[in-house]
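Note sheet for the following structure.
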Number of protein chains: 2
Amino acid sequence: MTAVGGDRLTPRAGEIVAAARRILEREGESALTMRRLAAHLGMKAPSLYKHFSDKEAVEVELIAIAFEETAEAFEAAVAGGAQRPITALAGAYRAYARAHPHLYRLMTDRPLPRERLPEGLEARAAGPILQAMGAVASARAAWGMAHGLVMLELNDRFPPDADVDAAWEAGVAALESAKTTEHA
Amino acid sequence: MTAVGGDRLTPRAGEIVAAARRILEREGESALTMRRLAAHLGMKAPSLYKHFSDKEAVEVELIAIAFEETAEAFEAAVAGGAQRPITALAGAYRAYARAHPHLYRLMTDRPLPRERLPEGLEARAAGPILQAMGAVASARAAWGMAHGLVMLELNDRFPPDADVDAAWEAGVAALESAKTTEHA
DNA sequence: GTCTATAGTGGGATAGAC
DNA sequence: GTCTATCCCACTATAGAC
């Protein structure tokens, strides 16, 4: 098991987080139990509590990983100066959420454990959206739309015949026009 | 305990749903267990299975109630022809979600159990949004934005100092301009 | 000191017999 | 309606092996 966490975690803790990620991504949140996590590592559940104070501490590490990867995806989307940064960021946002649905849910389902997360990580991930939208309020509206469309898609809430691509296109168009008319 | 459910449910089943709603709204989803629900009604958990096949059947009734109430709120918001129907609907959407956060979550957290819900209920709730936005794709983008902003607010995901009102205003402005430029 | 295990608490959904 | 029972969960107390 490859470890993760850099100098945030001990090597053994990094291995546990890596195993937790595999379980979460493959089998979903309900499968991520301390018992099963321990079993994947050849140990018993109580032993995990020597490495993490509680289950939430494991989840916090997964959230940190998801934030790092999201920030990287955003930075790649606008690298070199995209002509349509909003479109590029929307595409990157949706693509990451669809590629890692359970990780994405974990990242957005609950209040952010800001005090347990590396400093500046949240701001780094938000930066490209803020830059593309030009104002904090518009950036939050854009985030809201992206998050809502992603969750409705992940939760299978659209009617079976719905054209989700078209909804994203209409949403991105609205955000683009909001940006240009902002100072009118 | 006042019963609900009309002719969808037996009187006793209606009482159970009404109790379930009270528990859910007051104490949240994790408090809505079959044991506690039974205790509130002076019975034991296994007895509930005489009235509902499983816990999900109880939840479906709560979802149906939330849909009815949402549809009514939308209809009231645009009754008599609001000058700014998008603004009015956004306000009604956010207000309902904030007034009934646990019910709202239940309604959107999972795939819609369409086959177990009264026919036409989903379309009735969606109607005012579709009408206000003028096109299905735009209506879904608007729904996405409203849902995303609501969930981020309910999940306490915005930074503590964030101006959520301003984000809604920026979002509604974007949707308004999307509507007017739609046929350009 | 660091890793592990066993055993137990208290909660949950649910099935079956009465 | 009841009861008992099965199987899941997070988590804790305790203690033994290295």
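Convention: sequence-line order gives letters A, B, ...; per-chain numbering from 1. Note that these values count all heavy atoms, side chains included, but never hydrogens, waters or copies made by symmetry.
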Working to the nearest 0.5 angstrom, can you tell me the gap between [X] [atom1] and [Y] [atom2]?
X         : Y         : atom1 : atom2 : answer
Thr33(B)  : Ile23(B)  : OG1   : CD1   : 7.5 Å
Asp54(A)  : Met34(A)  : CG    : CE    : 7.5 Å
Ser138(A) : Glu169(B) : OG    : CD    : 11.0 Å

Touch class at under 4.0 angstrom, heavy-atom based, for [X] against every strand present:
X        : result
Thr33(B) : sugar-phosphate
Lys55(B) : sugar-phosphate
Arg35(A) : base

Handout entry: Contact interval (first through last nucleotide) of DNA chain D with protein chain B, 4.0 Å heavy-atom
Key =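 First-to-last contact on DNA chain D, by the 4.0 Å heavy-atom rule, is dG1(D) to dT4(D).
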Handout entry: Partners meeting ring-ring contact (aromatic ring centres under 6.0 Å, His included) with Phe52(B) (sequence neighbours left out)
Key =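 Once residues adjacent in sequence are excluded, Phe52(B) has no partner under the ring-ring contact (aromatic ring centres under 6.0 Å, His included) criterion.
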Handout entry: Earlier contact from the 5' end, DNA chain D, for Ala31(A) and Lys50(A)
Key =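 Whichever sits nearer the 5' end wins; that is Ala31(A).
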Quick one: [X] [atom1] to [N] [atom2], roughly how many Å, whole number?
X        : N       : atom1 : atom2 : result
Leu41(A) : dA5(C)  : CG    : C1'   : 16 Å
His51(B) : dT14(C) : NE2   : P     : 16 Å
Asp54(B) : dA15(C) : CG    : P     : 8 Å
Arg36(B) : dG10(C) : CZ    : P     : 15 Å
Met34(A) : dA5(C)  : CE    : P     : 14 Å

Exercise for the section: Answer yes or no: is there an ion pair linking Glu61(A) with Arg116(A), defined by an N-O contact shorter than 4.0 Å? Expected result: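 Salt bridge between Glu61(A) and Arg116(A), a charged N being under 4.0 Å from a carboxylate O: no.
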Practice task
Using the side-chain hydrogen bond (donor to acceptor under 3.5 Å, both in side chains) rule, collect all pairs that involve residues 124-136 of chain A, keeping only residues at least two apart or in two chains.
Solution key: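 Pairs touching residues 124-136 of chain A that pass the test: Glu68(A)-Arg124(A), Glu75(A)-Arg124(A).
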